[in-house]
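In what follows, chains carry the letters A, B, and so on, assigned in the order in which the sequence lines appear, proteins first and then strands, with residues in each chain numbered from 1.
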Protein chains: 2
Amino acid sequence: MRGWLAIAGLGPGADALMTPEVAQALEAASDVVGYAPYVARVPERAGQARHASDNRVELDRAREALRMAAEGRRVVVVSSGDPGVFGMAAAVFEALEAEPAWRDLDIHVLPGVTAMLAAAARAGAPLGHDFCAINLSDNLKPWALIEKRLRLAAEADFAMALYNPRSKARPEGFARALAVLGEACEPERPIIFARAVSTSEEQIDIVRLRDAAPEMADMRTVVIVGSSRSRIIKRAGRPFVYTPRSVPA
Amino acid sequence: MRGWLAIAGLGPGADALMTPEVAQALEAASDVVGYAPYVARVPERAGQARHASDNRVELDRAREALRMAAEGRRVVVVSSGDPGVFGMAAAVFEALEAEPAWRDLDIHVLPGVTAMLAAAARAGAPLGHDFCAINLSDNLKPWALIEKRLRLAAEADFAMALYNPRSKARPEGFARALAVLGEACEPERPIIFARAVSTSEEQIDIVRLRDAAPEMADMRTVVIVGSSRSRIIKRAGRPFVYTPRSVPA
């Protein structure tokens, strides 16, 4: 039997945000591979093997998945959100490039709703004009590059989606990022802290940049910083934030 | 009866890429509102009214939808992809901000798989590291701002997803964008032209920037430009493109 590998995005949390394409791949799989909390989101099925691993072992996990597909198994590697946005897809292709024997395997990436889209939807439309997405973890790149990108993004007047703002291993980085943004952006700019969107632990906080504090983010938070033109619409409940489509000449 | 408004993303084309949340909202709706080709993607239902309109009338469409929700109707405004990324969500909030009487309506944004995620999945993982999304249409912003953003994005070494690269009304803009990229980026950089992803008319072309031509894009294409570190993996079929997760110090 011919094996295959699908690298699938589970969406941000709720089953209602997972695509039918991903649900079908999970039904057909012989093996589900991923970071333990993401594998735990997949319902157990008789005859389906589960391979849950720790954080920070993405390349080992990618090689294991490719090896099983090469042996004829039907393998789904799961990521939260979209696998192509700071998820497992890039790790699988890095492992693939290093091993020519795996090159012609049947490999597909199945997209999903990435965290920033779910977070933006809860807040309104903060990404309604040009924007960028930056991973704030400096595990795999120098911190100086992160600061450079934040400054250039502010100069371009992009809205910004900031992934992995803070973790136990990196408690200080997000405070430094907020300091850079405080220098480069107006203090009234809206900033959205969206935690665990679409799960029972969802929490959305919308403040002005001047009132943002590092403790408002943790490892399950995605942060969206508006552009200079983003607007807050006050109403009875939580306000809406949107970035207008137009910029006057 | 209390009305509501949902601004929903249909995904890039295939039903298998539309979330269950959006499918449920469409089942519950009394009225479906949108640009005609997107309304045409929604199956007709007895008792459900359809309000299809032309391109470039987003604000009129948004007001019509808000007015109907205020009258107690259950309204879904549909966008292709994700409504918060160059879709209808920002237009609805712009209309909402202008009319205090609508401010406390029941309004939700339902996220979807935006075109760049589906395009990236087909190509591999070109958005696997930091990236930006730029709308190349100059209908609502000056062309000089688009050029400035392209240059700053190249300086930040973002991968770039370029929406609305070319239309009949704007045949020249994408040629100018390619010229800017040609000055700011290495000629070997991979560039992906992804047209009508997940539909029967899907076409994916992967070339080097030096070989990119304006005619490779039309109004149904999203273009992804790799970063300086993006890699092409050659194989028997279409190659994969990915952007490595790491940048050495």
Side-chain angles (χ1 to χ4, degrees), chain A residues 11 14-21 24 58 82-86 89-91 93-94 96-97 103-104 109-114 117-118 120-122 124-125 127-135 140-142 145 148-149 152-153 155-156 158 231 233 235-236 240 242-247 249, chain B residues 11 14-21 24 58 82-86 89-91 93-94 96-97 103-104 109-114 117-118 120-122 124-125 127-135 140-142 145 148-149 152-153 155-156 158 231 233 235-236 240 242-247 249:
Chain A
D15 288 345
L17 293 178
M18 185 197 295
T19 67
E21 182 179 71
Q24 286 157 22
E58 290 84 1
D82 179 88
V85 176
F86 313 130
F93 291 108
E94 188 180 334
L96 184 74
E97 190 178 25
R103 202 63 61 85
D104 291 314
V109 180
L110 310 184
V113 173
T114 182
L117 300 186
R122 284 293 194 267
L127 305 179
H129 191 79
D130 302 337
F131 65 94
C132 66
I134 301 177
N135 186 346
L140 295 172
K141 65 188 165 194
L145 181 59
K148 177 184 171 184
R149 285 181 176 157
L152 289 167
E155 190 180 344
F158 286 133
R231 314 264 314 154
I233 306 177
R235 59 204 298 261
F240 287 126
Y242 83 102
T243 305
R245 303 164 303 144
S246 58
V247 175
Chain B
D15 287 346
L17 293 178
M18 185 197 296
T19 67
E21 181 179 71
Q24 287 157 22
E58 290 84 0
D82 179 88
V85 176
F86 313 130
F93 290 109
E94 189 180 333
L96 184 73
E97 190 179 23
R103 203 64 60 85
D104 291 314
V109 180
L110 310 184
V113 173
T114 183
L117 300 185
R122 285 292 193 267
L127 305 179
H129 191 79
D130 302 337
F131 65 94
C132 65
I134 301 177
N135 185 344
L140 295 172
K141 66 187 167 195
L145 182 60
K148 177 183 172 184
R149 286 181 176 156
L152 288 167
E155 189 179 344
F158 286 133
R231 314 264 313 154
I233 306 177
R235 59 206 296 262
F240 287 126
Y242 81 103
T243 305
R245 302 165 304 143
S246 59
V247 175

Check your understanding: What residue, out of A:Gly112, A:Gly11, A:Pro83, A:Ala121, has the most heavy-atom pairs lying under 4.5 Å from chain B?
Key ->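 Of the options given, most contacts go to A:Ala121.
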Practice item. May I ask you to name which of A:Ala133, A:Ala236, A:Ser246, A:Ala89 has the most heavy-atom pairs under 4.5 Å with chain B? Key: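 Top count of heavy-atom pairs under 4.5 Å with chain B: A:Ala133.
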Review point. Do the side chain of A:Arg235 and the main chain of B:Arg103 share a donor and acceptor less than 3.5 angstrom apart?
Key: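 Confirmed, A:Arg235 side chain pairs with B:Arg103 backbone.
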Point to revise | Short side-chain to backbone donor-acceptor contact, B:Asp130 and A:Asn135, under 3.5 Å | key: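 Confirmed, B:Asp130 side chain pairs with A:Asn135 backbone.
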Practice item. Heavy-atom distances under 4.5 Å only: say whether A:Ala91 touches chain B with side chain, backbone, both or neither. Key: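 Contact with chain B: backbone and side chain both.
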Check your understanding: Relative to chain B, which segment of A:Leu17 carries a heavy atom at a distance below 4.5 Å: side chain, backbone, both, or neither?
Key ->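 Both parts, backbone and side chain.
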Heavy-atom closest contact ([X] atom, [Y] atom, distance):
X        : Y        : value
A:Ala90  : B:Ala125 : N-CB, 3.7 Å
B:Thr19  : A:Ala16  : CB-O, 3.4 Å
B:His129 : A:Phe86  : C-CE2, 3.5 Å
B:Pro142 : A:Ala249 : CG-CA, 3.7 Å

So, taking the atom named [atom1] in [X] and the one named [atom2] in [Y], what distance separates them when rounded to the nearest 0.5 Å?
X        : Y        : atom1 : atom2 : answer
A:Glu58  : B:Arg245 : CD    : CZ    : 5.0 Å
A:Ile233 : B:Glu94  : CD1   : CD    : 9.5 Å
A:Glu155 : B:Glu155 : CD    : CD    : 7.0 Å
A:Leu152 : B:Phe158 : CG    : CZ    : 7.5 Å

Practice item. Between chain A and each of B:Leu140, B:Leu110, B:Leu127, count heavy-atom pairs under 4.5 Å; write down the option with the most. Key: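 The residue among B:Leu140, B:Leu110, B:Leu127 with the greatest pair count is B:Leu140.
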Point to revise | Most chain A-contacting option - heavy-atom pairs closer than 4.5 Å, from B:Asp104, B:Asp15, B:Val85 | key: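 The residue among B:Asp104, B:Asp15, B:Val85 with the greatest pair count is B:Asp104.
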Point to revise | Parallel, tilted or perpendicular: ring planes of A:Phe240 versus B:Phe93, cut at 30 and 60 degrees | key: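 Judged by the thresholds at 30° and 60°, the geometry between A:Phe240 and B:Phe93 is tilted.
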Exercise for review: State which residue, out of B:Leu117, B:Val109, B:Val113, fulfils the side-chain contact (heavy atoms from CB on, under 4.5 Å) condition with A:Leu117.
Suggested key: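 With A:Leu117 as partner, side-chain contact (heavy atoms from CB on, under 4.5 Å) holds for just one option, B:Leu117.
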Point to revise | Contacting moiety of B:Ala120, where chain A heavy atoms sit under 4.5 Å | key: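 For B:Ala120, there is no contact with chain A at all, as no heavy atom is under 4.5 Å.
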